[in-house]
Asks: 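Take a look at this one; I'll ask things after.
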Amino acid sequence: MQEFMKFHHNNMDIASKSLELQSIGTEPFEFLGIHSAVVKQVLSNEFPAIETKDDKADIVFLLEDDTILHVEFQSTSKKWDILRFCKYHLELYNRHKDIIANKNGVGQIRTIVIYMPNISREKVTDVLNSNQLQFKFEAVFLNEHPGDEHFNTLSRKILENPDVKLSNEELIYLVYNPLMLKENTDTVAARTKKVVEIASKLTDEMIKFKIIGTVTALAKKFLDAETISGIWEVFEMNGVFQKEMNEMFNEKEKDKEIEKIKKALIAGDLAEAKVLFKYSEHVTSEEFEEIKRSLNS
């Protein structure tokens, strides 16, 4: 079980990287009528300081104008969800205030909550008011946007020509499609599997990587273990995935080698550090010298 969770975590890291590749340089939610600066970077969504079962935001983007776009996907609407969103907002501000602060020392974080089609506007409270604090998020309702029409059109397009070059807008519609279902259609898990199946027909390995990884990263909290395992089987056959997994393995091995060298140097054993460097497969001579300089400074 522990090995499976490690394997799952590594794959999800790579899926998240595909989300970043898909998102950088784009307005990620323009297709929903949400305009913003383009994405510069995908930030960490983990909040270890928040002691709840929901200690991860769904997506956190750093935009080119040095503001943050925080996005949540919700299939339910509970009265106190807004408290969790507010906690995320404050944690993000505290963590990234130096990056997003403008000349007046104020930074901007925009929180958008995207509700699945089973949630209507009247069920949602989007403002929290107290004597000392006001927090408001932007609510977007997917039941006000088409979903199946795009999926059917893009499915036909790919099946008719696996070499087709999809536009960025078409890619976005495809990866977000499982979250845009009307009632009495597929479940999120069933539609995610269909998107993965359709994407696997494409001949372009990079586009397949982007679609399969991104749709999984977006829909992961709605997927069961069996569905995710099935997706990984397809994902692992992708050439770009295999390259990314090798790079991740090499990075982790390099980190281990650096830690051993540092430990020897801190203990004052330069001879041992040189031996560890000699048999290192990932640390360069320049990096070895930099490690020594950093510990001596």
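Excluded from the calculations below are hydrogen atoms, water molecules and symmetry mates; all remaining heavy atoms, backbone and side chain alike, are included.
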Asks: With sequence neighbours excluded, give me every salt bridge (Lys or Arg N to Asp or Glu O under 4.0 Å) pair touching residues 194-203.
Replies: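 Those involving residues 194-203 are Asp186-Lys194.
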Asks: Can a salt bridge be assigned to the pair Lys78 and Asp81 using a cut-off of 4.0 Å between side-chain N and carboxylate O?
Replies: no
Asks: In chain order, what residues pass the side-chain contact (heavy atoms from CB on, under 4.5 Å) check against Asp163, with sequence neighbours excluded?
Replies: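 Residues passing side-chain contact (heavy atoms from CB on, under 4.5 Å) with Asp163: Asn161, Thr203.
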Asks: Taking only Lys NZ, Arg NE, NH1 and NH2, and the carboxylate oxygens of Asp or Glu, determine whether Glu72 and Arg84 approach each other closer than 4.0 Å.
Replies: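 Salt bridge between Glu72 and Arg84, a charged N being under 4.0 Å from a carboxylate O: yes.
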Asks: Sequence neighbours left out, what passes ring pair (Phe, Tyr, Trp, His ring centres under 6.0 Å) with Tyr176? Give chain and number order.
Replies: Phe29, Phe31
Asks: Tell me if the CD atom of Glu289 is crowded by more than 12 foreign heavy atoms within 6.0 Å.
Replies: yes
Asks: Mind running side-chain contact (heavy atoms from CB on, under 4.5 Å) on Ile100 and Thr67 for me, showing each step along the way?
Replies: CA-CA 5 Å; Ile100 64 176; Thr67 64; 5.7 Å; no
Asks: According to the salt bridge (Lys or Arg N to Asp or Glu O under 4.0 Å) rule, which pairs have a member within residues 128-143, sequence neighbours left out?
Replies: Arg110-Glu138, Asp126-Lys136
Asks: Taking atom types as modelled, find out whether His89 and Glu91 have a side-chain donor-acceptor pair closer than 3.5 angstrom.
Replies: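 Not at all, the side chains of His89 and Glu91 share no donor-acceptor pair under 3.5 Å.
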Asks: Can you run down the salt bridge (Lys or Arg N to Asp or Glu O under 4.0 Å) pairs that involve residues 23-45, sequence neighbours left out, and say none if there aren't any?
Replies: Lys40-Asp66
Asks: Going through the checks in order, is the side-chain contact (heavy atoms from CB on, under 4.5 Å) test met by Ile158 and Leu174?
Replies: CA-CA 11 Å; Ile158 293 169; Leu174 193 56; 4.1 Å; yes
Asks: Provide the closest heavy-atom pair for Ile258 versus Ile291 in the form atom of the first, atom of the second, distance.
Replies: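 Minimum heavy-atom separation between Ile258 and Ile291: CG2-CD1, 3.9 Å.
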Asks: Answer yes if the side chains of Asp224 and Thr227 hold a donor-acceptor pair under 3.5 Å, and no otherwise.
Replies: yes
Asks: If we count only N and O atoms by modelled type, under 3.5 Å, do the side chains of Ser229 and Glu226 hold a donor and an acceptor together?
Replies: no
Asks: Identify whether the distance between the nearest side-chain nitrogen and carboxylate oxygen of Lys263 and Glu272 falls below 4.0 Å.
Replies: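 No, Lys263 and Glu272 are not salt-bridged.
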Asks: Applying side-chain contact (heavy atoms from CB on, under 4.5 Å) to Leu223 and Ile231, what does each step give before you reach the verdict?
Replies: CA-CA 10 Å; Leu223 305 179; Ile231 291 172; 4.1 Å; yes
Asks: Hey, are Lys260 and Glu257 close enough for a salt bridge, meaning a charged N less than 4.0 Å from a carboxylate O?
Replies: no
Asks: Just checking, is any N or O donor in the side chain of Glu122 or Ser120 under 3.5 Å from an acceptor N or O on the other one?
Replies: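 On atom types as modelled, these side chains qualify, holding a pair under 3.5 Å.
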Asks: Going by the rule side-chain contact (heavy atoms from CB on, under 4.5 Å), which residues pair with Ser200 if we only count those two or more places apart in sequence or in a different chain?
Replies: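 side-chain contact (heavy atoms from CB on, under 4.5 Å) check on Ser200 returns Val234.
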Asks: With a sphere of 6.0 Å drawn around NZ of Lys274, does it hold more than 12 non-hydrogen atoms of other residues, nucleotides or ligands?
Replies: no
